Chemist: 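The structure is given below, and queries will be raised subsequently.
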Amino acid sequence: MTTKVRVRFAPSPTGNLHIGGARTALFNYLFARHEKGNFVLRIEDTDRARSTKEAVENILDSLRWLGLDWDEGPGKGGDFGPYYQMERLETYKSYAHELLKQGKAYFCYCSPEELAERKKEALQGGYPPGYNRKCRNLSPEERAEKEREGKEKVIRFRTSDAGTTEINDLVRGKVQFENILLEDFVLIRSSGIPTFIFANVIDDNLMNITHIIRGDEHLSNTPRQILLYQALGFSLPSFGHLSMILGSDRKKLSKRTGATSLDWYRQKGYLPQALVNYLSLLGWGTSESQELFSSVEEIIRKFSLEAVSKNPAIFDIQKLDWMNGQYIKRLGIEELTRLVEPYLKEKNLLRGDEDKEWLKKVVALEQERIKTLSQITEYADFFFLSEITYDEKAVRKVLRKEGVSRILIAYRDKLKDLEPFTVETVESVARKIIADLEIKGGALIHPTRVALTGRTVGPGLFELMALLGREVTIKRLDKIINMLD
RNA sequence: GUCCCCAUCGUCUAGCUUGGUUUAGGACUCCAGAUUUUCGAUCUGGUAGCAGGGGUUCAAAUCCCCUUGGGGACACCA
């Protein structure tokens, strides 16, 4: 019998959830669900200077939006809580004192200023900048002296000079580190709050985490943590380090090279399903290079850590756009309409008393055109505005041409008493005029579109006219006809 | 500077584990054509890649080494 898989996502609430964090969370989630295990959420809020309540809320909210529901953690509870590290301080302390007692850790009285100074000198002198173990072998007298002076102290781990530490990484394979390169790192700060490297190990052990799936930036922390597992007598979990997501400049994703915050994508109107689909393909793929999945369930079914690739991936928003467009097309018109409404309201395009059926038809006309939900406001604004704006170039090239006025007048006159006013009837009237005047279809269609929408691009003219209705259609045609006189 | 990781079209990737079945496959983007009343969508086609150099082997994108390039880590941040 095998033990149940337990994985965790352990964000530090120092900012909103970003793309990289979301990808890490997603892979943990996919792995947990695939293995029928548990997905734990733990908040690592030990950085008191930068952690905020807002960031916690943002992270929880973003994960929910993506549909990455956790089995244990904030808002959920669980048998291994608390799930905020600041509520677990006593636990860390007792383990630290245990290490102290066993001589595997020691008090260090060096001040941050001294340390910084020494590091500067080291760098200038060209030798390793790590901690020089000054307090490692303080005599009881020396220690008593420092204590009397009331010096602040941290607890440091006593690293070994000998041997190598080997990681058998789930995605990278064997990785080795020389122990001598590891400095005596801090376990407990002078404030009594543990550092990430320590709290992380304690919690993962206490929470029975079986697989640690995290970003590549933690690979070099792993040997230190393995040493801790050994010192504490904990059994080792499996590690899997995911390659990073880079910006188009091949550097760590930053605001300069693209949006990093999940909020941005949410506001733009990317669908969570599309984002999940896209993110899952950043560093993972099926042997068929499948692009689109029918559901998260399908991704879960096909997901495996063995298929996770080692090389970093560059975030390509163009592909995301395409994918989001695909997901928008899959949506039922009822749901798309519901999703798009907030965007229209925000731009004051929608008052709220519009006919629901009419609105759905408007949305349907734009469904295959929009790549993000927010684009509805740029593409369909003329349906809602009482005064539309005209694209200058369109007016110049399409409207201000010989004979346009005559054609528009002819069309308007036929439309005035047309009954009923439908896609079919407005088109057949148009076709008749085109035949009578012996002109090309475009000669009527293009100027009419500019007159009605202010633009040269948009949905099919007759569909759009039927939705605009006779009154608005005639009004807008009149306006242009008068202008052309 | 030290340590670690990575390396197939511009991008995401399949192929690499178990060398020959590969004229290196798919997708996004881009270009062309078809369709259409425009844009889009759709369909068809196209451009474009094994970083370089050494080995090993009858045979290397696939195995080994070096170089180069990129990334990450070296905090009382995570």
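All values derive from a computational prediction rather than experimental measurement. Sequence lines set the chain letters: A, B, ... in the order given, protein chains first and strands last, and positions in each chain run from 1.
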Chemist: Do A:R455 and B:U38 share a donor-acceptor pair, side chain to base, under 3.5 Å?
Modeler: no
Chemist: Can you find a donor-acceptor pair, distance only, under 3.5 Å between A:R369 side chain and B:C39 base?
Modeler: yes
Chemist: Under 4.0 Å, heavy atoms only, any strand: does A:L282 hit a base, just the sugar-phosphate, or nothing?
Modeler: sugar-phosphate
Chemist: Just to be sure I understand the rule, does A:L281 reach a base, reach only the sugar-phosphate, or reach nothing, if contact means heavy atoms closer than 4.0 Å?
Modeler: sugar-phosphate
Chemist: Is there a donor and acceptor pair closer than 3.5 Å between the side chain of A:E288 and the base of B:G26?
Modeler: no
Chemist: Going by the rule salt bridge (Lys or Arg N to Asp or Glu O under 4.0 Å), which residues pair with A:D204 if we only count those two or more places apart in sequence or in a different chain?
Modeler: A:R8, A:R42
Chemist: Side-chain donor or acceptor of A:N221 under 3.5 Å from a matching atom on the base of B:A78?
Modeler: yes
Chemist: Counting just side-chain N and O atoms, does A:S309 come under 4.0 Å of either OP1 or OP2 of B:U13?
Modeler: yes
Chemist: Can you tell me how far apart CD1 (A:I376) and OG1 (A:T337) are? Round to the nearest 0.5 Å.
Modeler: 8.5 Å
Chemist: Of the nucleotides B:G71, B:U29, B:C5, which one has an atom closest to the side chain of A:W322?
Modeler: B:U29
Chemist: Which whole number of Å gives the distance between the C1' atom of B:C16 and that of B:C6?
Modeler: 15 Å
Chemist: Does B:G69 have a Watson-Crick or wobble partner in any strand here, with both distances under 3.5 angstrom, and which is it?
Modeler: B:C6
Chemist: If you look at every strand shown and take non-hydrogen atoms under 4.0 Å, does A:Q176 touch a base, only sugar-phosphate, or nothing?
Modeler: sugar-phosphate
Chemist: Pairs under 3.5 angstrom, nitrogen or oxygen only, protein versus nucleotides 43-52 of chain B, please.
Modeler:
none

Chemist: Does A:E291 reach a base, just sugar-phosphate, or nothing at all? Heavy atoms under 4.0 Å.
Modeler: base
Chemist: Counting only Watson-Crick or G-U wobble pairs whose two distances fall under 3.5 Å, which nucleotide matches B:U11?
Modeler: B:A27
Chemist: Kindly compute the distance separating CZ (A:R23) from CG (A:L262), expressed to the nearest 0.5 Å.
Modeler: 13.5 Å
Chemist: Using only heavy-atom distances, decide whether a donor-acceptor pair under 3.5 angstrom links the side-chain of A:S289 to the base of B:G25.
Modeler: yes
Chemist: Between B:G15, B:U13, B:A27, which one does the side chain of A:S287 approach most closely?
Modeler: B:G15
Chemist: Between B:U2, B:U37, B:G72, which one does the side chain of A:E217 approach most closely?
Modeler: B:G72
Chemist: What nucleotide, of B:C76, B:C28, B:U38, holds the atom closest to the side chain of A:R156?
Modeler: B:C76
Chemist: Could you tell me the Watson-Crick or G-U partner of B:C39, where both distances fall under 3.5 Å? Say none if there is no partner.
Modeler: none
Chemist: Let me know, please, whether A:T286 or A:F177 comes out on the 5' side of the other along RNA chain B by nearest nucleotide.
Modeler: A:F177
Chemist: Measure from the side chain of A:M244, starting at C-beta and using heavy atoms only, and say which of B:G72, B:C12, B:U8 lies closest.
Modeler: B:G72
Chemist: Is the A:F303 ring parallel, tilted or perpendicular to the A:W284 ring (thresholds 30°, 60°)?
Modeler: tilted
Chemist: Cut-off 3.5 Å, side chains only: do A:R476 and A:T448 have a donor facing an acceptor?
Modeler: no
Chemist: Report the distance from atom CG of A:L365 to atom NZ of A:K360, rounding to the nearest 0.5 Å.
Modeler: 14.0 Å
Chemist: Indicate, yes or no, whether a donor-acceptor pair under 3.5 Å links the base of B:C39 to the side chain of A:T456.
Modeler: no
Chemist: Between B:C39, B:C4, B:G10, which nucleotide gets closest to the side-chain atoms of A:V457?
Modeler: B:C39
Chemist: Which one, B:U37, B:C5, B:C76, comes nearest to the side chain of A:L115?
Modeler: B:C76
Chemist: Mind checking who B:A32 pairs with, Watson-Crick or G-U wobble, both distances under 3.5 Å?
Modeler: B:U44
Chemist: State plainly whether the residues A:K151 and A:E114 are in salt-bridge range, i.e. N to O under 4.0 Å.
Modeler: yes
Chemist: Is there a donor N/O on one and an acceptor N/O on the other, under 3.5 Å, for the side chain of A:K319 and the base of B:A27?
Modeler: yes
Chemist: Under a 3.5 Å threshold, yes or no: a donor from one side chain and an acceptor from the other, between A:D203 and A:Y92?
Modeler: yes
Chemist: Remember a base hit wins even if backbone is also touched, and classify A:H218 as base, sugar-phosphate or nothing at under 4.0 Å, heavy atoms.
Modeler: base
Chemist: Sort out for me which residue in A:V472, A:T425, A:L452 forms a side-chain contact (heavy atoms from CB on, under 4.5 Å) with A:M465.
Modeler: A:L452
Chemist: Taking 4.0 Å as the cut-off, does a side-chain nitrogen or oxygen of A:R431 come that near to OP1 or OP2 on B:U37?
Modeler: yes
Chemist: Partner lookup for B:U56, please. Criteria are Watson-Crick or G-U wobble with both distances under 3.5 angstrom; report none if nothing qualifies.
Modeler: none
Chemist: Between B:U62 and B:G45, how far is it from one C1' atom to the other, in whole Å?
Modeler: 31 Å
Chemist: Contact class for A:G458 (heavy atom, under 4.0 Å): base, sugar-phosphate, or nothing?
Modeler: base
Chemist: Using Watson-Crick or G-U wobble geometry with both distances below 3.5 Å, tell me the partner of B:G1, or none.
Modeler: B:C74
